[in-house]
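Every number for a ligand or one of its atoms is a count from 1 in the order of the listing.
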Amino acid sequence: MIASNGGEGKASVPSAPLKIVVFASGSGSNFQALAEAVREGRIHATIELVVCDKPSAYVLERARNFGVETYTFSPKQYPSREAYEEEIVAKLQAQGIDLIVMAGYMRLVTKVLVEPYYGRMINIHPALLPAFPGINGIGQALEYGAKLTGATVHFVDGGTDTGPIIAQQAVEVKDEDTLETLGSRIQQAEYELLPKVVGWIAEDRVTLNGRKVTINN
Ligand code: GAR
């Protein structure tokens with residue numbers, strides 16, 4: 001577990017730190033950005049757990065470097081998505097998790113996960129939703145010829161990147177961009193956007209009303 005002291009001079013933050021789980025499937029650079037923000041006291045939270053569906057994913061090494069517990073599962077060993085999600089939900093409930101952060105978690109989720117955590121589960125996507133949902137959001141924007149793309153953080157509703165949008169950051173597409181150059185600028189945007197949104201949630205500033213999300217001052 002990695003914990004912060006909640007920063008200084010923030011009289012209005014709730015006293016209990018937000019208990020976070022990060023779901024990831026790959027490199028985990030967004031986990032890293034979030035974990036650094038927590039460690040530096042920029043977010044009043046603790047990262048309790050990393051859930052990962054790929055035993056070889058680099059995010060697991062990053063989690064160990066931060067002393068964060070990991071839970072790895074192999075989807076193929078379960079009869080259905082619901083079956084592994086039931087195990088995950090039991091673990092999250094046992095640990096009193098407040099917020100699920102999906103950061104490069106490349107699996108669709110079912111109502112087993114969505115129902116108990118709707119409004120408490122967010123995802124980061126590398127495009128300006130509703131444009132370019134699903135896999136390869138960066139490549140889709142390039143192929144389409146979009147001039148502007150970026151990153152979106154949204155609540156998870158069980159569809160493919162369809163949940164209410166919390167915040168977005170735009171990134172310009174340059175004529176000479178490749179998947180790598182555009183991808184790297186979008187990731188830089190993600191490293192700012194995701195900790196910022198998690199910080200707002202930790203300060204209890206985010207209100208969800210239908211599809212409308214409001215950030216309170
Ligand atoms: C991130 O760019 C995230 O937006 C994307 O996967 C990457 C994970 O990178 N997620 C999706 O495409 C979900 N549809 P990371 O493992 O280095 O954080």
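Inclusion of Y105 in the set of residues having an N or O under 3.5 Å from an N or O of ligand 1 is not warranted. On a distance-only criterion, N123 and ligand 1 share no N/O pair closer than 3.5 Å.
Of the protein's non-hydrogen atoms, the one nearest atom 5 (C) of ligand 1 is P126 CD, 3.8 Å. Annotation: atom 1 (C) of ligand 1 to nearest protein heavy atom, E190 OE1, 3.2 Å. Counting protein heavy atoms only, atom 16 (O) of ligand 1 is closest to G28 N, 2.7 Å. Ranking the protein heavy atoms by distance from atom 8 (C) of ligand 1 puts G104 CA, 3.6 Å first. Of the protein's heavy atoms, Q187 NE2, 3.9 Å lies nearest to atom 7 (C) of ligand 1. The protein heavy-atom contact nearest to atom 14 (N) of ligand 1 is H125 ND1, 3.2 Å.
F155 and I215 fall within the same hydrophobic cluster, where Ile, Leu, Val, Met, Phe, Trp and Tyr residues are linked whenever their side-chain heavy atoms come under 4.5 Å apart, directly or through other members. I43 is connected to M102 through a chain of hydrophobic side-chain contacts under 4.5 Å among Ile, Leu, Val, Met, Phe, Trp and Tyr, so both are in one cluster. In the hydrophobic cluster analysis, where Ile, Leu, Val, Met, Phe, Trp and Tyr join through side-chain heavy atoms closer than 4.5 angstrom, V21 is grouped together with L99.
Side-chain contact check for S27 and R62: at least one donor-acceptor pair (N or O, by modelled atom type) lies under 3.5 Å. Counting only N and O atoms by type, the side chains of E36 and Q32 include a donor and acceptor under 3.5 Å apart.
Less than 4.0 angstrom separates some heavy atom of G134 from each of these atoms of ligand 1: 14 (N). Residue I124 approaches ligand 1 through these ligand atoms, each under 4.0 Å from one of its heavy atoms: 3 (C), 4 (O), 10 (N).
When A189, S29, G137, G183 are checked for heavy-atom proximity to atom 15 (P) of ligand 1, S29 turns out nearest.
Considering only residues two or more places apart in sequence or on other chains, Q140 meets the side-chain hydrogen bond (donor to acceptor under 3.5 Å, both in side chains) condition with none of them. Every residue two or more places apart in sequence or in another chain that forms a side-chain hydrogen bond (donor to acceptor under 3.5 Å, both in side chains) with Y71 is listed here: E87.
Between R42 and E40 there is a salt bridge, with a side-chain nitrogen of the basic residue lying less than 4.0 Å from a carboxylate oxygen of the acidic one.
Counting heavy atoms closer than 4.0 Å to ligand 1, residue M106 contributes side-chain atoms (C-beta onward) but none from N, CA, C or O.
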